[in-house]
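In what follows, a structure is listed as structure tokens, so that the remarks can point back to it.
Remember, it's 1-based here, ligands and their atoms both numbered in the order they're listed.
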Amino acid sequence: MHNMKELVQRFPQNPLLQPGDVRPSRPDMVVECLLNPGVFRYQGKIGLLLRVAERPRPEEGWVCTPILDPDSEGGIRILRIRQDDPGLKFTDPRIFEYNGRGYLTTLSHLRLAWSTDGVHFTVEDKPTLLGTGDHESFGMEDCRVEFINGRYWLTYTAVSDFGVGVGLITTTDWKSYTRHSIIFPPHNKDCAFFPEKVADKYWAFHRPSGLGIGGNFIWVSSSPDLLHWGGHQCLATTRPGEWDSERIGAGAAPILTDRGWLAIYHGADANSRYCLGALLLDAQDPTRVLARSRAPIMEPLADYEQTGFFGNVVFTNGHIVEGDEVTIYYGASDSVICGAKASLATILASLPAS
Ligand code: MAN
């Protein structure tokens, strides 16, 4: 099952969390997938901010998807469409089109899970953050968490009928939350803040999508205050014919090493097979790429990474660094949460000389 040449070591306990470990947000909903956690330390514990994707119990002959709607009972409206409706078009298990408009098959919220050993996690009983307002009616996804200036900064994908953008929330205690505005409007996702200032500015990765011209590329931007972003520059593009030919996006915050900023990113090919790779950026100038993985540092090879809600996916947006060791928490097959360890020196040594 495992390719021993890979430079990451998967946890033997994988998967660490599965949909059955999480209580649905309402009795009429089913937890379908656990995905892509943000990761942080708080009061001696490791916290995961999970993406929990739910949908109504399946009904024979119908496609049902939940949409947040403050005017509906319980704050959720169920869109019910007959499976044979000619207006219905299925693209993949995650998304569908109805009468020319795009919808998600599941609704995601964010939920905390805690651990003292980084392997065994206890998931909170209730959603921590639910989509709020017009820009999150299709949910909140794939949250990056970074601790800067005494606060945790949560950058997540806000999905609605208006598009897919990046939302920002801050907290100090994981009990009360301050919601800021959308910081990168549609179409944009995969936003991760750098942990500290570089050249007197804050920095963030994000992933706008070009329509027709351009593509799904990683951009880097700077800010005086972590709220207002400018100086946008394209940092890395997809590579035709390679494992990252279709779309790329940042993982969590980059890691400062003695060779520069090491960033772990995801790349997908035309078959939507998601792997992880690494980028090395200049320590003083994060717009300068010094090196990039030729081959992935991690591929979907384990059974649980190949089969699931959306198979052949390893996707990360959170890790913990301890000396030379990075523990990568990741979503496998858009279904379960897993962990893997790697040596930073080994990842750096795998990058082509620049
Ligand atoms: C893609 C996938 C889905 C996600 C939507 C909206 O289709 O990443 O998992 O729900 O985008 O962000």
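- Closest protein heavy atom to atom 3 (C) of ligand 1: Arg94 CD, 4.0 Å.
- Which of Leu107, Ile95, Val164, Asn36 comes nearest to atom 7 (O) of ligand 1 through a heavy atom is settled by distance: it is Ile95.
- The shortest heavy-atom distance from Arg51 to ligand 1 is under 4.0 Å.
- The protein non-hydrogen atom at the shortest distance from atom 12 (O) of ligand 1 is Glu141 OE1, 2.6 Å.
- Contacts between Thr106 and ligand 1, counted as non-hydrogen atom pairs separated by less than 4.0 Å, are absent for every part of the residue.
- Aromatic ring orientation, Phe96 versus Phe90: tilted (interplanar angle from 30° to 60°).
- Within the 4.5 Å cutoff, no side-chain heavy atoms of Pro19 are placed close to those of Ser335.
- Residue-ligand proximity, Lys189 to ligand 1, at heavy-atom distances under 4.0 Å covers atoms 1 (C), 5 (C), 6 (C), 8 (O), 11 (O), 12 (O).
- Salt bridge annotation for Arg292-Glu242: absent, with no cationic side-chain nitrogen under 4.0 angstrom from a carboxylate oxygen.
- Using modelled atom types, no side-chain atom of Glu141 and backbone atom of Ser108 make a donor-acceptor pair closer than 3.5 Å.
- The aromatic rings of Phe310 and Tyr274 stand perpendicular to each other, their planes meeting at an angle above 60°, with 30° marking the opposite boundary.
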